[in-house]
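Right, one structure below, let's go through it.
Computation of the quantities below employed the complete heavy-atom set of this structure, encompassing side-chain atoms and omitting hydrogens, waters and symmetry-equivalent molecules.
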Amino acid sequence: MTAVLESQVQISSVPELMSNGMSNSCLKQAVGFHLNTIRYPGIDTCISITIAYEVGIVGLHLFRNTMESTLEDAVEQLRRESANCSGNILHVLIAGNIENWMSKAFFHNYSLSNKTSKSIKSLLMTKFGIEGSEIITTTQIQNNVEVTKQSGTLSASNYPLD
């Protein structure tokens, strides 16, 4: 991977990542990169996955009814987008309507726990080579979510739509 220096990357605006759709029909709008902030509008029934690197963060906005193969493709696209970042992974944050996703887990064979071999956490651990302890989940933040990296740690908050 080519090292990316913050001084070499110019990002003019904070990306707003839209849902990937049930079959990844909108995947290009659902995955993105920024140096320190990504917004996820309308994740009332969705979740967001944000990964912080030493330089840059990448994110994915996942629709609730994402199918299993679609989820794997979306996470693979997130991994490819990580080429825009450099350094080690510092933190992973999953935010949004997590209870809603967990209630669908029996259908998709995915959950947000580490206890099953086919969990979202284990998928991220496999694709990105990270430890489960680096992955934090929050259900407190829903609707329009802004994830920001400060000192290597991600935090989520709500933001108003313009």
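Both L60 and F128 sit in one connected hydrophobic cluster of ILVMFWY residues. Membership requires side-chain heavy atoms under 4.5 Å apart, directly or through other members.
Applying the salt bridge (Lys or Arg N to Asp or Glu O under 4.0 Å) test to every pair with at least one member in residues 80-91, sequence neighbours left out, gives these pairs: E76-R80.
When each of I51, L154, T37 is tested with V147 by the rule side-chain contact (heavy atoms from CB on, under 4.5 Å), just one qualifies, namely L154.
Here the side chains of Y159 and P41 are in contact, with some heavy-atom distance below 4.5 Å. Residues T153 and L90 have side chains not in contact (no heavy-atom distance under 4.5 Å, counting atoms from C-beta outward). Here the side chains of L124 and I49 are in contact, with some heavy-atom distance below 4.5 Å.
Note that CD1 of I57 is 11.5 Å distant from NE2 of H91, once rounded to the nearest 0.5 Å. In this structure, OG in S13 is found 7.0 Å from NE2 in H34, a value given to the nearest 0.5 Å. Distance check, rounded to the nearest 0.5 Å: OG of S19 to CD1 of I47 gives 11.0 Å. Atom CG in L62 sits 9.0 Å away from atom CG in L27 (nearest 0.5 Å). For the atom pair CG of D73 and CD of Q77, the computed distance is 9.5 Å after rounding to the nearest 0.5 Å.
Looking only at distances, no side-chain donor or acceptor of N144 sits under 3.5 Å from a matching main-chain atom of N158. In this structure a side-chain-to-backbone donor-acceptor pair under 3.5 Å is present from K149 to E54.
Between I43 and A95 the shortest heavy-atom distance is CD1-O, 3.8 Å. The two residues I89 and I130 come nearest to each other via the heavy atoms CD1-CG2, 3.3 Å. For the pair L93 and S155, the tightest heavy-atom approach, listed with the atom from each and the gap, is CD2-C, 4.2 Å.
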Run the side-chain contact (heavy atoms from CB on, under 4.5 Å) test on V31 and L17 for me, step by step, so that the C-alpha distance in whole Å, both residues' side-chain angles and the decisive distance to 0.1 Å come before the verdict. CA-CA 6 Å; V31 178; L17 304 183; 5.7 Å; no

Pair V55-C85, side-chain contact (heavy atoms from CB on, under 4.5 Å): steps then yes or no: CA-CA 6 Å; V55 177; C85 299; 6.0 Å; no

Go through it in stages, so that I can follow the logic: the residues are F63 and M18, the test is side-chain contact (heavy atoms from CB on, under 4.5 Å), and I'd like the CA-CA distance, side-chain angles, deciding distance and then a yes or no. CA-CA 9 Å; F63 179 62; M18 308 309 280; over 6 Å; no

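With sequence neighbours excluded, no residue satisfies side-chain hydrogen bond (donor to acceptor under 3.5 Å, both in side chains) with K28. The side-chain hydrogen bond (donor to acceptor under 3.5 Å, both in side chains) test applied to T50 returns Y40, not counting sequence neighbours. Partners of N143 by side-chain hydrogen bond (donor to acceptor under 3.5 Å, both in side chains), not counting sequence neighbours: none found. In terms of the salt bridge (charged side-chain N to carboxylate O under 4.0 Å, His left out) criterion, residue partners of E146 (sequence neighbours excluded) are, by chain and number, R39.
A donor atom on one side chain and an acceptor atom on the other are not found under 3.5 Å apart for S86 and Y53.
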